[in-house]
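To start, the structure itself, in structure tokens.
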Amino acid sequence: SVFLVMTNPYAHIIEPLDPQKPDHKFFNLKKLKDPRYDQLPFSIRVLLESAVRNCDGFLVKKEDVEKVLNWKVTQSQTVEVPFRPARVILQDFTGVPAVVDFAAMRDAVKKLQGDPERINPVCPADLVIDHSIQVDFNRKSDSLQKNQDLEFERNKERFEFLKWGSKAFQNMRIIPPGSGIVHQVNLEYLARVVFERDGYYYPDSLVGTDSHTTMIDGLGVLGWGVGGIEAEAVMLGQPISMVLPEVIGYKLQGTPDKYITSTDIVLTVTKHLRQVGVVGKFVEFFGPGVASLSIADRATIANMCPEYGATAAFFPVDHISIHYLNQTGRDTEKLNYIEKYLKAVGMFRDYSNTSEDPQFTQVVELDLSTVVPCCSGPKRPQDKVTVSEMKQDFKMCLGAKQGFKGFQVAPERHDVQVPFQFNGAEYSLSHGSVVIAAITSCTNTSNPSVMLGAGLLAQKAVKAGLSVKPYIKTSLSPGSGVVTYYLKESGVMDFLSQLGFEVVGYGCMTCIGNSGPLPEPVVQAITQGDLVAAGVLSGNRNFEGRVHPNTRANYLASPPLVIAYAIAGTVRIDFEKEPLAVNSEGKEVFLRDIWPTRDEIQAVERQFVIPAMFKEVYEKVEKVNERWNSLEAPSDKLYTWNPNSTYIKSPPFFDGLTRELQTPNSITDAYVLLNLGDSVTTDHISPAGNIARNSPAARYLTSRGLTAREFNSYGSRRGNDAVMARGTFANIRLFNKFINKQAPTTIYLPTGETMDVFDAAEKYQQAGHPLLILAGKEYGSGSSRDWAAKGPFLLGIKAVLAESYERIHRSNLVGMGIIPLEYLPGDSAESLGLSGRERYTVIIPPQITPRMTVDIKLDTGRTFQAKMRFDTDVELTYFHHGGILNYMIRKMSEN
């Protein structure tokens, strides 16, 4: 850093924060004496500080700093700027493949006669293991222990590999299984808010290999999700190349009604911002209403940023942020310099002072007093349904044609009842019956107000004589040990347990599809009646086929509503007009009789959510898991791959990599592997959940001697490219226009036969045919899943042609050397009359420029044009290298 400062053209604005500590300095942006600075959105000020501090004339140039300062003008010009985040955060589903790539890159650098130890994180990287635990056991007091035992049994090999990574690589810290959910641990423990490193203070900022990394923006730390491939480059010292975003000012006014939860607010914001259209933009919150939101409330709103499509959802630091840091047991000395530094650089916010309001691209408003209780579903997080309309809306969805709001069930089958036996008693299921009720996910379990609200509701429900039917799969998976602590201390845990909401684990669980099996009689009844059964969860994603294969309708709801729907046993209920249940004394109990008010909840929170709890839980978080401590891991710097492993395998990405660049060729006579529609998610492209027994991945694992019980999930197998290539497009809910129904299959065009997607791709590759994907709007929406790009790369897909792309997925495709082609405005497969059965030649000229238009010739003789979505010069460099990792290997192999 000394060298950087000597060459930094902004060295003259460096000064000590405290004259008493001359060796603790900062770049004082106020000393730029530039009137534009005070007009900048606070989120853009973070980008500016990073550019100023890292200005070396090479990776970050003086003109980059000027572009950011001139944001008011440049925001609309799609200018590219570099950003060096202060740190990286990973979870194990995305972390394992990242460490696999690092290990393989070390091997590749060694092959090219370079020093393998140059492949090493240069900024802090924290990896939280939270995606592996599943709800195999629930409703019993030993469920937690049994689920954790199974987690270790299934994942021992992956965990040993991660432990090797934490030893072999510098700057890599691992938070062991059983600690909590990555974003909640980030909020409560890992977040620095202001860094103090190498004698400098600077704002904390990060990228994470999980799309909900944005949760940390609620605490005033700028962060967002990127693909694993991009995160690896950041860890190796590359800045992120980004288009300077527009910033939408989201003005909050008023205060919420006493019965409203933060979940109701975030689902309202999600629906609203989807309508505004914020893809690729920052959202920054301001206005007097922000001061009425706790940090946990703000974090809930920031968490669902990917669901409304923005890049980041920023709440600048204010006095409530400092209070939260204090409440969560952060060090007092740190709190002092955090506040002092942010005030010195003009990044500390007073939401009631309108003279501090920056200039925004556009301002939209929400009056918090207009928010009503709501859920979202049945298939997308942005499809808000008010609780009062839930019954009517579900009925409408049942009959509507197949789609985001339709199941296409024939009218005469709407009221079908399927009787079944469970534990010796008679029950029946119908459309809308709740079979999964999960209090889960960082979105809500990080928020004491909704967790205590659920606990108080459970207490009142039990006292009113209510219960949950025993066949409903209930679960509680908190995002950190602190939650269990305050639920117990406040006395509500027993009541949650009595309703079946026992702690089943500390991790994402149901929200990412680790919901475990449903009871066999329930599955049989659903299958027999072809029922649209429902899952209700306090999560942030409810795409089809994600939560559980047997729940076709899934609704996102606040933790107290999850309990309410579990007691009712169905989503076909109007809580305002119908009782939740009739208790043993024959008395009707309505939801309003047991719903706690905001004041009641806050009183309990003030008493029981205290700094000592956070300190006690987090002081021992890295050492408390005995099973993790006893894992053996080698200490070699190069990984010794085990050829018998079905979890960890050296990937073929760098096979045959040379130091010399290959010139990119045109794609000639490509076949279309899949012809897809709108909103194809990364879950469709690379599912994370269970491995179907009749799938190519299952056949592969069986051939390696595994039984179905040992398959585990796709997410847990991301360290093995052979499984992941076979899992690409293996989602049972994939709708391929060639087949015209939901199935993970396609037509092998040369012969016309229908087969699994992987098998078709393999045949094409053996015959030497390049492949293409046709798609509609929002291709690759959902999770920041790099396997959704790596998988297609391994299937031989050279390009995707879509109407529009989700931000992270497009950059992942670029990172793997796959060309994202975009139809020209107004064009689509329909308008151009493309059936997908044509053969496509994409003409790539010798000189490529960002966002250039290229010709696509069909074997029918027609030609049309599309835009190549390489948005920046840096992305073009990666493409010439065949992907970002190849670029890094070549760079690291130079002396």
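Values in this document were obtained by computation on a predicted structure and should not be read as measured data.
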R592 to F590 six-membered ring, cation-pi geometry met (6.0 Å, 45°): yes
If only side-chain N and O atoms count, and only distance matters, is there a donor-acceptor pair under 3.5 Å linking [Y] with [X]?
X    : Y    : result
Q382 : E307 : no
S477 : T440 : yes
S441 : N444 : no
T445 : Q184 : yes
Y506 : Q148 : no
H183 : N303 : no
D367 : T370 : no
S716 : R154 : no
D149 : Q145 : yes
R541 : S211 : yes
S143 : N138 : no
N583 : E588 : no
T213 : D210 : no
S262 : N447 : yes

Centroid separation Y250 to H272 less than 6.0 Å: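 Judged by ring-centre distance (under 6.0 Å), Y250 and H272 do meet the cut-off.
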Y189-F614 aromatic ring centre distance below 6.0 Å: no
Donor-acceptor check, side chain of [X] to backbone of [Y], threshold 3.5 angstrom: yes or no?
X    : Y    : value
T94  : L90  : no
R546 : C511 : yes
D217 : G223 : yes
N550 : V523 : no
D204 : R192 : yes
N542 : Y555 : no

From [atom1] ([X]) to [atom2] ([Y]), nearest 0.5 Å:
X    : Y    : atom1 : atom2 : answer
Q134 : N155 : CD    : CG    : 8.0 Å
F315 : L252 : CZ    : CG    : 6.0 Å
Y308 : R274 : OH    : CZ    : 11.0 Å

Chi angles and distances behind the salt bridge (Lys or Arg N to Asp or Glu O under 4.0 Å) call for K463, D494: CA-CA 12 Å; K463 288 184 172 166; D494 285 348; over 6 Å; no
Given Y259, Y565, W595, the one that forms ring-ring contact (aromatic ring centres under 6.0 Å, His included) with F575: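 Only one of Y259, Y565, W595 forms a ring-ring contact (aromatic ring centres under 6.0 Å, His included) with F575, namely Y565.
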Derivation and outcome, side chain to side chain donor-acceptor pair (under 3.5 Å), residues S433 and T570: CA-CA 4 Å; S433 288; T570 178; 5.4 Å; no
NZ/NE/NH1/NH2 to OD/OE distance under 4.0 Å, K460 and E600: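 A salt bridge links K460 with E600.
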Pair E544 + K379, salt bridge at N-O below 4.0 Å: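 Salt bridge present between E544 and K379.
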Criterion ring pair (Phe, Tyr, Trp, His ring centres under 6.0 Å) on F285 and F314, from CA distance to verdict: CA-CA 6 Å; F285 292 83; F314 195 64; 9.7 Å; no
Pair Y485-E616, side chain to side chain donor-acceptor pair (under 3.5 Å): steps then yes or no: CA-CA 10 Å; Y485 207 143; E616 190 180 322; 2.8 Å; yes
